[in-house]
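When reading the values below, keep in mind they use all heavy atoms of this one structure, side chains included, and skip hydrogens, waters and symmetry mates.
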Amino acid sequence: MRALKYAILGMLSRRELTGYDMMKEFDRGLANFWYASHSQLYPELKRLAGEGLIQYETSIKGESLEKKIYRITPEGMADLRQWLEQDEPLPPTPKDVFRLRMYFGDNISRDRLLELTRAQLERRRQKLAFLQSSLDQAEPYSGRFDSATGDRLVLEGAVMRETAMVQWLEHCIQTLEHCENGK
């Protein structure tokens, strides 16, 4: 499955966008659960246009700067809706380098592992604060399911995920503080 395809179709189902606008969206709203680089986005846009799922207009800005404004086609909307209706199996557990490091942490000193865990906790607290601030600024529930409701639900999930990670890291620190220094 080309998940990036559906992220793009989903964005374009809401409004017309340039590739630059899509990258900004990946850095903002979608960053809580999905990421794409320039090197992934632009080939996928070309592929989607070739499949007839999106179209674009080229506009000239200034004397020579061209920008493409993409929109979803009826075929793209039908494909998106079909994908949205599918029940998804549970994906494999995502890779987590820090958890892998913790798993094999008995190969370094407890003090160094504590230092790394505290640094990880600080970064997670910062991310949680950013997510909570974003949630505080998000549109409240309107009583109907619309894009703002979906955005808010995903943002709430990201806050819950980071809250759980912060709690786990605090637990790791408490546990490590009560262990004897090994290596």
Side-chain angles (χ1 to χ4, degrees), residues 1-11 13-14 19-45 47-48 80 83-141 145 147-183:
M1 177 190 70
R2 291 170 26 214
L4 178 56
K5 167 185 175 178
Y6 296 107
I8 292 168
L9 291 175
M11 284 189 277
S13 74
R14 293 182 172 182
Y20 176 77
D21 293 331
M22 287 181 219
M23 286 308 305
K24 288 193 315 189
E25 188 64 27
F26 277 115
D27 290 340
R28 282 191 315 245
L30 295 174
N32 296 316
F33 59 93
W34 201 263
Y35 175 77
S37 65
H38 288 280
S39 63
Q40 294 171 305
L41 178 66
Y42 289 99
E44 188 65 28
L45 286 169
R47 189 176 306 139
L48 291 171
L80 175 63
W83 176 77
L84 287 169
E85 291 281 340
Q86 294 176 5
D87 187 15
E88 200 66 34
L90 188 64
T93 301
K95 295 176 183 175
D96 185 325
V97 173
F98 183 79
R99 288 178 194 256
L100 185 62
R101 184 170 287 124
M102 181 61 74
Y103 188 80
F104 294 112
D106 61 315
N107 288 294
I108 62 174
S109 75
R110 181 205 64 150
D111 290 343
R112 179 64 180 145
L113 189 56
L114 263 169
E115 186 179 315
L116 292 169
T117 306
R118 287 182 179 124
Q120 184 73 200
L121 175 61
E122 181 55 32
R123 284 190 291 278
R124 292 295 184 153
R125 283 180 174 158
Q126 289 172 3
K127 185 173 183 177
L128 177 57
F130 170 77
L131 290 169
Q132 188 61 57
S133 173
S134 298
L135 182 58
D136 292 345
Q137 296 171 23
E139 291 183 40
Y141 290 116
F145 190 76
S147 63
T149 301
D151 293 350
R152 186 174 184 89
L153 287 169
V154 169
L155 190 53
E156 287 171 343
V159 168
M160 290 177 194
R161 179 194 65 223
E162 289 305 315
T163 298
M165 189 62 166
V166 164
Q167 291 170 344
W168 177 70
L169 289 165
E170 290 170 344
H171 171 74
C172 289
I173 290 168
Q174 289 174 348
T175 301
L176 289 169
E177 286 175 340
H178 291 92
C179 293
E180 292 181 25
N181 200 351
K183 304 233 181 235

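Within a 6.0 Å sphere centred on CD of Glu177, other residues, nucleotides and ligands contribute more than 12 heavy atoms. By the 6.0 Å contact criterion, CD on Glu139 is open, its count of non-hydrogen atoms from other residues, nucleotides or ligands being 12 or less.
The two atoms that bring Leu113 and Gly105 nearest to each other are CD2-CA, 3.9 Å, heavy atoms only. In terms of heavy atoms, Trp34 sits closest to Leu4 at CZ2-N, 4.2 Å. The two residues Leu80 and Ser13 make their nearest non-hydrogen contact at CD2-CB, 3.7 Å. Across all their heavy atoms, Ala36 and Met23 have their closest contact at O-CE, 3.2 Å. Heavy-atom minimum distance, Tyr42 versus Gly19: OH-C, 3.2 Å.
Counting only heavy atoms from C-beta outward, the side chains of Leu176 and Asp111 never approach each other to under 4.5 Å. Looking only at side-chain heavy atoms (C-beta outward), Met165 and Asp96 come within less than 4.5 Å of each other.
Of the listed residues (Asp136, Val159, Thr163), just one forms a side-chain contact (heavy atoms from CB on, under 4.5 Å) with Leu131, and that residue is Val159.
Listed by chain and residue number, Ser37 satisfy the side chain to side chain contact (heavy atoms under 4.5 Å, CB included) test with Ser39 (two or more places apart in sequence, or in another chain). Here Tyr103 pairs with nothing under the side chain to side chain contact (heavy atoms under 4.5 Å, CB included) rule; sequence neighbours left out.
Note that the CG atom of Leu128 and the CZ atom of Arg161 stand 10.0 Å from one another [nearest 0.5 Å]. The OH atom of Tyr35 lies 7.0 Å from the CG atom of Asp27; values are rounded to the nearest 0.5 Å. From Arg110, atom CZ reaches atom OG1 of Thr175 across 11.5 Å, with rounding to the nearest 0.5 Å. Between the CG atom in Leu153 and the CZ atom in Phe145 there is a gap of 6.0 Å [rounded to 0.5 Å]. To the nearest 0.5 Å, atom CD1 of residue Ile8 and atom OH of residue Tyr6 are 11.5 Å apart. The OG1 atom of Thr117 lies 12.5 Å from the CD atom of Gln174; values are rounded to the nearest 0.5 Å.
Counted by atom type alone, Glu44 and Gln40 present zero donor-acceptor pairs between their side chains at under 3.5 Å.
Taking 4.0 Å as the cut-off between side-chain N and carboxylate O, Arg124 and Glu162 count as a salt-bridged pair. A salt bridge links Glu170 with Arg125; the closest basic N to acidic carboxylate O contact falls under 4.0 Å. Salt-bridge annotation for Arg14 and Asp151: present, with a side-chain N of the basic residue lying under 4.0 Å from a carboxylate O of the acidic one. A salt bridge does not link Arg118 to Glu122: none of the charged side-chain nitrogens sits closer than 4.0 Å to a carboxylate oxygen.
In this structure, the side chain of Arg152 does not engage the main chain of Tyr141 through any donor-acceptor pair within 3.5 Å. Formation of a donor-acceptor pair under 3.5 Å by the Ser133 side chain with backbone atoms of Ala129 is not found in this model.
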I would like to know whether Trp83 and Lys5 meet side-chain contact (heavy atoms from CB on, under 4.5 Å); could you show each step before the answer? CA-CA 10 Å; Trp83 176 77; Lys5 167 185 175 178; over 6 Å; no
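Geometric assessment of Arg99 against the ring of Trp168 yields a positive cation-pi assignment under the 6.0 Å and 45° thresholds.
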